[in-house]
Amino acid sequence: MMNTFYKTLVASAITAATLSTAQAAEPLEIYGKLNVSIQSNDDGSGSETRVQSNASRFGVKGGFELSSALEAFYTIEYEVATDSDSSNNFKARNQFVGLKGDFGSFAVGRNDTMLKKSQGKVDQFGDYSGDLKNLFAGENRIAETATYVTPKFGDFQAGVTYAASGDSKQAGDDGFSIAAMYGDSGLKKTPIYASVAYDAEVAGYDIVRGTVQGKVAGFVLGGMYQQEEQVDSGDSKDGYLLSAAYKIDSITLKAQYQDMEDKGDSWSIGADYALGKPTKLFAFYTDRTSMDYEEDNGDMVELSIDESYFAVGIEHKF
C-alpha cells in the first residue's frame, strides 16, 4: 500500500512538472540529492563497514500567484534511506503549505524550527557523522507547526515557529522557536551572516543559540554558542562549535570542532572535490568522545566512549 502511494506521488509530480501553468508564481520544481558513502563506523563497542545514505532526499515545491500581492507556496519532501533493509525507505521531511506577500510569509505543516534554520551553513558536516545534532539539542523538525517569517528590512529578518502541544515531541506543551537573522546565509550577497535564536519548551528543551559566519582572507569561518536546558531540570549546559572551509580550485577543505558540557566533544576534517555543479566526491574523518553515565553501588559513574568515522562518497543533486 505504501509503495503504491509513493509511486503515485512521484508519477504525479513528474507529470505536473512537465506542464506549464500561466498562473504559476515560479516553475514547479522536482529536486533532491543522492548522497552515499562507503563508511567505516566505530561506535566504541566495535567497528563495521557500511554503504551509507546521508540524508538522501527528493521533493516537490512550487508556488501559485493568487493575486498581484499574494502567492501560495508549498513543499513536500521525503528522505530516501538507500541503506535501509526495508523497501519502504521513505521518511517525511519538511511538508508545508503557506501564503506570502508584502507581509512576509506564513506556513503550516511539518517544518524545521526557526532555531534550526538560524544556523545557516555554519555546520560544515551537516548530514554526516560530524553533524552538530550529535552533541547539540535543538535540531528539530516538528510535524505540527505554524511559522511566520517577516519580510526583509535591509539585511535583517526575523521569524517565529509555534509547535502545537498535540505534536508527539511536545509532550502536551506548546512551544515557541524565535530567531533574528542578519545577512545571507550563503555569504553570496553579504560577507557575514549572524543570528540569535531561542527555543521555549520545544521538544523538551529551552535553548539559546548564537551563530556567526563570514569570509576572511579566502576562508569561510564560523562559530556557534549554545546554552541548553531540559525543561524544568534546572541544569543548563553550555557548548560551542567552530568551523572553517577553504576552497582551492575544485577542492574545498573543511574542519570543525564542537564541545558540549557533560555530553562530549568531536572534531572533523574533510574535503569535497567538485566534478561539476551538481556532483561532488567527498571524504571525511570524525572523532567523537561521548559521555554516558551508569549507576555503581548507588553512585552515578561517568563513562567516556570514543567513536570514530571515516568515509568516502559521492553526492549528486538534481
Side-chain angles (χ1 to χ4, degrees), residues 54-55 111-142 147 149 155-161 175-200 202-217 219-230 235-247 252-270 272 284-291 307 309:
N54 304 298
N111 212 341
D112 293 340
T113 64
M114 287 305 305
L115 182 132
K116 181 178 180 180
K117 293 177 181 178
S118 75
Q119 70 169 268
K121 299 183 178 180
V122 72
D123 186 358
Q124 293 289 348
F125 293 87
D127 295 332
Y128 298 136
S129 300
D131 193 308
L132 69 84
K133 69 182 180 182
N134 291 302
L135 291 177
F136 282 14
E139 295 299 285
N140 294 307
R141 179 177 297 117
I142 306 294
T147 298
V149 180
D155 290 321
F156 289 92
Q157 193 170 33
V160 57
T161 299
F176 293 89
S177 182
I178 304 168
M181 298 151 286
Y182 169 83
D184 169 29
S185 62
L187 301 178
K188 294 179 180 179
K189 297 179 181 179
T190 59
I192 191 170
Y193 171 78
S195 67
V196 291
Y198 174 65
D199 270 6
V202 176
Y205 275 88
D206 295 330
I207 298 171
V208 177
R209 174 181 288 183
T211 304
V212 64
Q213 189 175 35
K215 293 180 178 179
V216 180
F219 287 88
V220 175
L221 303 177
M224 177 185 287
Y225 166 78
Q226 178 159 309
Q227 183 179 82
E228 60 186 53
E229 177 182 331
Q230 284 190 291
D235 182 19
S236 65
K237 304 182 188 301
D238 297 287
Y240 65 92
L241 176 148
L242 300 172
S243 65
Y246 187 76
K247 188 173 182 180
T252 301
L253 304 176
K254 305 187 295 184
Q256 186 161 291
Y257 179 77
Q258 185 181 3
D259 182 270
M260 176 55 73
E261 181 182 355
D262 293 338
K263 283 188 177 181
D265 58 52
S266 72
W267 59 268
S268 301
I269 55 173
D272 296 342
F284 69 82
Y285 177 80
T286 293
D287 186 274
R288 181 165 59 245
T289 300
S290 301
M291 300 300 175
E307 307 167 49
Y309 306 89

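Here the structure is a predicted model, which means the values were calculated and not measured. Just so you know, these numbers use all the heavy atoms, side chains as well, and skip hydrogens, waters and symmetry mates.
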Is any NZ, NE, NH1 or NH2 atom of the basic residue among [X] and [Y] found under 4.0 Å from an Asp or Glu carboxylate oxygen of the other?
X      : Y      : value
Glu307 : Arg288 : yes
Glu228 : Lys263 : yes
Asp112 : Arg141 : yes
Lys237 : Asp235 : yes

Checking [X] side chain against [Y] main chain: does a donor-acceptor pair fall under 3.5 Å?
X      : Y      : value
Asp259 : Gly239 : no
Ser118 : Ala179 : no
Gln258 : Asp265 : no
Glu139 : Asn134 : no
Asp131 : Gly126 : no
Lys254 : Gln124 : yes

Hey, could you give me the [atom1]/[atom2] distance between [X] and [Y], rounded to the nearest 0.5 Å?
X      : Y      : atom1 : atom2 : result
Met291 : Glu261 : CE    : CD    : 11.0 Å
Gln157 : Asp184 : CD    : CG    : 11.0 Å
Leu115 : Thr211 : CG    : OG1   : 8.0 Å
Gln226 : Leu132 : CD    : CG    : 8.0 Å
Phe125 : Ser243 : CZ    : OG    : 9.0 Å
Met114 : Ser195 : CE    : OG    : 9.0 Å

> Going through the distances and angles, do Asn111 and Lys117 end up as a side-chain contact (heavy atoms from CB on, under 4.5 Å)?
Replying inline: CA-CA 10 Å; Asn111 212 341; Lys117 293 177 181 178; 3.5 Å; yes
Minimum heavy-atom distance [X]-[Y], with the two atoms named:
X      : Y      : value
Ser266 : Tyr257 : O-CD1, 3.3 Å
Asn140 : Ala203 : OD1-CB, 3.6 Å
Gly130 : Gln256 : O-NE2, 3.6 Å
Leu187 : Gln213 : CD2-O, 3.7 Å
Ser268 : Thr286 : OG-OG1, 2.7 Å

> Of Lys215, Gln119, Met181, which meets side-chain contact (heavy atoms from CB on, under 4.5 Å) against Tyr193?
Replying inline: Met181
>> Which residue in the set Val196, Leu221, Ile192 passes side-chain contact (heavy atoms from CB on, under 4.5 Å) when paired with Val212?
In response: Ile192
>> Less than 3.5 Å apart, any donor N or O on the side chain of Thr147 or Thr161 sitting next to an acceptor on the other?
In response: yes
>> I'd like to know if the side chain of Asp238 pairs up with that of Tyr225 as donor and acceptor (distance under 3.5 Å, no hydrogens or angles considered).
In response: yes
> For Tyr128 and Phe284, what are the C-alpha separation, side-chain angles and deciding distance, and is it a ring pair (Phe, Tyr, Trp, His ring centres under 6.0 Å)?
Replying inline: CA-CA 9 Å; Tyr128 298 136; Phe284 69 82; 5.0 Å; yes
> Step by step, would you call Phe176 with Tyr198 a side-chain contact (heavy atoms from CB on, under 4.5 Å)?
Replying inline: CA-CA 8 Å; Phe176 293 89; Tyr198 174 65; over 6 Å; no
>> For a 4.5 angstrom cut-off between non-hydrogen side-chain atoms, does Val202 reach Thr113?
In response: yes
>> side-chain contact (heavy atoms from CB on, under 4.5 Å) for Phe136 and Met260? Distances and angles first, verdict last.
In response: CA-CA 7 Å; Phe136 282 14; Met260 176 55 73; 3.4 Å; yes
>> Please determine whether side chain to side chain donor-acceptor pair (under 3.5 Å) holds for the pair Asp199 and Ser177, giving the CA-CA distance in whole Å, both sets of side-chain angles, and the decisive distance to 0.1 Å.
In response: CA-CA 4 Å; Asp199 270 6; Ser177 182; 2.5 Å; yes
